[in-house]
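For reference, the structure discussed in these notes is given below.
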Amino acid sequence: DDDDDDDDDAIVGLDATAARALKHAAASEASLGAAVIGVLAPGVRGLLRSPDKVTRGEAVGVFRRLAIAWPTAAPGAAKLADDDDPEKDFFLNMAHLQAHRRCKALRALSSRAGSVPPDTVVGYFA
């Protein structure tokens with residue numbers, strides 16, 4: 001299906017863009033910040049709304065990297081990652097194939113509602 005190919009191309013392009021952005025962070029933080037906020041973050045937001053499960057799963061992974069590497073792009077979202085326990089990692093659960101793991105992620109997000117600003121949740125997931 002051509003639409004699926006377009007989503008796959010977007011993921012590859014977005015992931016490559018994220019990698020380049022992180023590589024050049026030290027060189028020009030101010031201009032990079034504008035690119036992350038103006039280009040990368042909106043791209044992630046759009047892909048998180050994709051009807052394709054694989055595309056959404058990949059977008060959640062990119063969102064996790066973005067939240068950890070550039071916290072101002074998704075204020076508070078880095079707190080949802082857990083490198084020590086993948087079972088508690090919101091992003092890994094949200095991208096999981098099994099519905100009960102995605103529900104677990106949403107319950108975790110609900111329980112941590114005070115630690116993640118509503119604008120971040122609404123901006124990326126609504």
Which residues pass the salt bridge (Lys or Arg N to Asp or Glu O under 4.0 Å) test with Arg65, sequence neighbours left out? Asp15
So, taking the atom named CZ in Arg64 and the one named CG in Leu80, what distance separates them when rounded to the nearest 0.5 Å? 10.0 Å
Atom pair OG1/CZ of Thr55 and Arg49 - distance to nearest 0.5 Å: 14.5 Å
Answer yes if [X] and [Y] sit in the same cluster of Ile, Leu, Val, Met, Phe, Trp and Tyr residues linked by side chain heavy atoms under 4.5 Å apart, and no otherwise.
| X | Y | result |
| --- | --- | --- |
| Ile68 | Leu109 | no |
| Val39 | Val44 | no |
| Val60 | Leu92 | no |

Hey, are the side chains of Met94 and Asp89 touching, using non-hydrogen atoms and a 4.5 Å cut-off? no
With a 4.5 Å limit on heavy-atom distance, are the side chains of Tyr124 and Leu66 in contact? yes
Looking at [X] and [Y], would you say the former's side chain and the latter's main chain have a donor-acceptor pair under 3.5 Å?
| X | Y | answer |
| --- | --- | --- |
| Arg56 | Ala95 | no |
| Thr120 | Ala74 | no |
| Asn93 | Glu87 | yes |

Shortest non-hydrogen contact between [X] and [Y], atoms and distance:
| X | Y | value |
| --- | --- | --- |
| Arg102 | His96 | NH1-O, 3.0 Å |
| Ala108 | Ser111 | O-OG, 2.9 Å |
| Ala67 | Ala77 | CB-CB, 3.7 Å |

Should the ring pair Phe63 and Phe91 be called parallel, tilted or perpendicular, given that the plane angle runs from 0 to 90° and is split at 30 and 60? perpendicular
Does NZ belonging to Lys88 count more than 12 external heavy atoms closer than 6.0 Å? no
Identify, with sequence neighbours excluded, every residue that meets side chain to side chain contact (heavy atoms under 4.5 Å, CB included) alongside Ala59. Leu47, Leu48
